[in-house]
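Here's the structure we're looking at; comments come further down.
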Amino acid sequence: QVHLVESGGGLVQAGGSLRLSCAASGRTFSTYAMAWFRQAPGKEREFVAAIRWSGGNVYYADSVKGRSTISRDNDKNTMYLQMNSLKPEDTANYYCAAGQFVSGVYNQYEYGNWGQGTQVTVSS
């Protein structure tokens, strides 16, 4: 089990940037696949990006591809999501997730550990 705490959300104008962080506790962080999901009011939670334990394999939703970069620092037990060229439709609560035996990185049910979320609001 890992405990996850997100930070870095906030209010930003369209076209701006934010870097989200997810700090994890637990000595086995480096063995977990990590991901970001988001949920806007009245909508289903959706996949944003994921990264395998080694950092060598990354995955993005089409909606953020080319504008976002996911990374992790296993020495610091932290994952990041750099988001650029933000759009109003990126407004959502962003959740960090971790899972040990994740085969389908896009599937939220593969992740057994979740943070409390950090709000991102993009104004037009």
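Just so you know, these numbers come straight off a predicted model, no measurement behind them. Sequential numbering from 1 along the given sequence is applied to the chain's residues. These numbers come from the heavy atoms of this one structure, side chains and all, not from hydrogens, waters or symmetry mates.
For the atom pair CE of M34 and OG1 of T78, the computed distance is 9.0 Å after rounding to the nearest 0.5 Å. In this structure, the separation between CD1 on I70 and CG on N57 is 11.5 Å, given to the nearest 0.5 Å. Taking CG of L18 as the reference point, atom OH of Y94 lies at 9.0 Å (rounded to 0.5 Å). To the nearest 0.5 Å, atom OG of residue S71 and atom CE of residue M79 are 9.0 Å apart. Here the CD-CG distance, from Q39 to N93, works out to 8.0 Å after rounding to the nearest 0.5 Å. Here the CZ atom belonging to R38 is positioned 9.5 Å from the CG atom belonging to L81, to the nearest 0.5 angstrom.
Closest non-hydrogen pair, N113 versus Y32, comes out as ND2-CE2, 3.6 Å. The nearest pair of heavy atoms linking C96 to E6 is N-OE2, 2.8 Å. S17 and Q82 make their closest contact through CB-NE2, 3.9 Å (heavy atoms, listed as atom of the first residue, atom of the second, distance). When all heavy atoms are compared, the tightest approach of Y80 to S21 is CD2-OG, 3.4 Å. Closest of all the heavy-atom pairs between E110 and G104 is OE2-N, 3.3 Å. For L20 against W36, the heavy-atom pair with the smallest separation is CB-CH2, 3.7 Å.
Ring pair W114/F37 is tilted by interplanar angle, where 30° to 60° counts as tilted.
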key: Test log, rule side chain to side chain contact (heavy atoms under 4.5 Å, CB included), inputs Q100 and T31   = CA-CA 6 Å; Q100 269 197 307; T31 67; 3.4 Å; yes

request  = Evaluate salt bridge (Lys or Arg N to Asp or Glu O under 4.0 Å) for K87 paired with D90, printing each intermediate quantity in order.
outcome  = CA-CA 5 Å; K87 305 175 182 180; D90 293 318; over 6 Å; no

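No side-chain heavy atom of V58 sits under 4.5 Å from any side-chain heavy atom of R52. Side-chain contact between T91 and Q119: present, with at least one pair of heavy atoms (C-beta onward) separated by less than 4.5 Å. At a threshold of 4.5 Å between non-hydrogen side-chain atoms, the residues R72 and N74 count as touching. Between Y60 and V48 there is no side-chain heavy-atom pair separated by less than 4.5 Å.
The local environment of CD in Q116 is crowded, with over 12 non-hydrogen atoms from other residues, nucleotides or ligands closer than 6.0 Å.
Each of W53 and V105 belongs to its own hydrophobic cluster when Ile, Leu, Val, Met, Phe, Trp and Tyr are linked at side-chain heavy-atom distances under 4.5 angstrom. I51 and V2 fall within the same hydrophobic cluster, defined by Ile, Leu, Val, Met, Phe, Trp and Tyr side-chain heavy atoms under 4.5 Å apart, directly or through other members.
Remark: side-chain polar atoms of T118 are paired, donor with acceptor, to backbone N or O of G9 under 3.5 angstrom.
Both the sub-6.0 Å distance and the 45° axial angle are satisfied by R45 relative to the ring of Y95.
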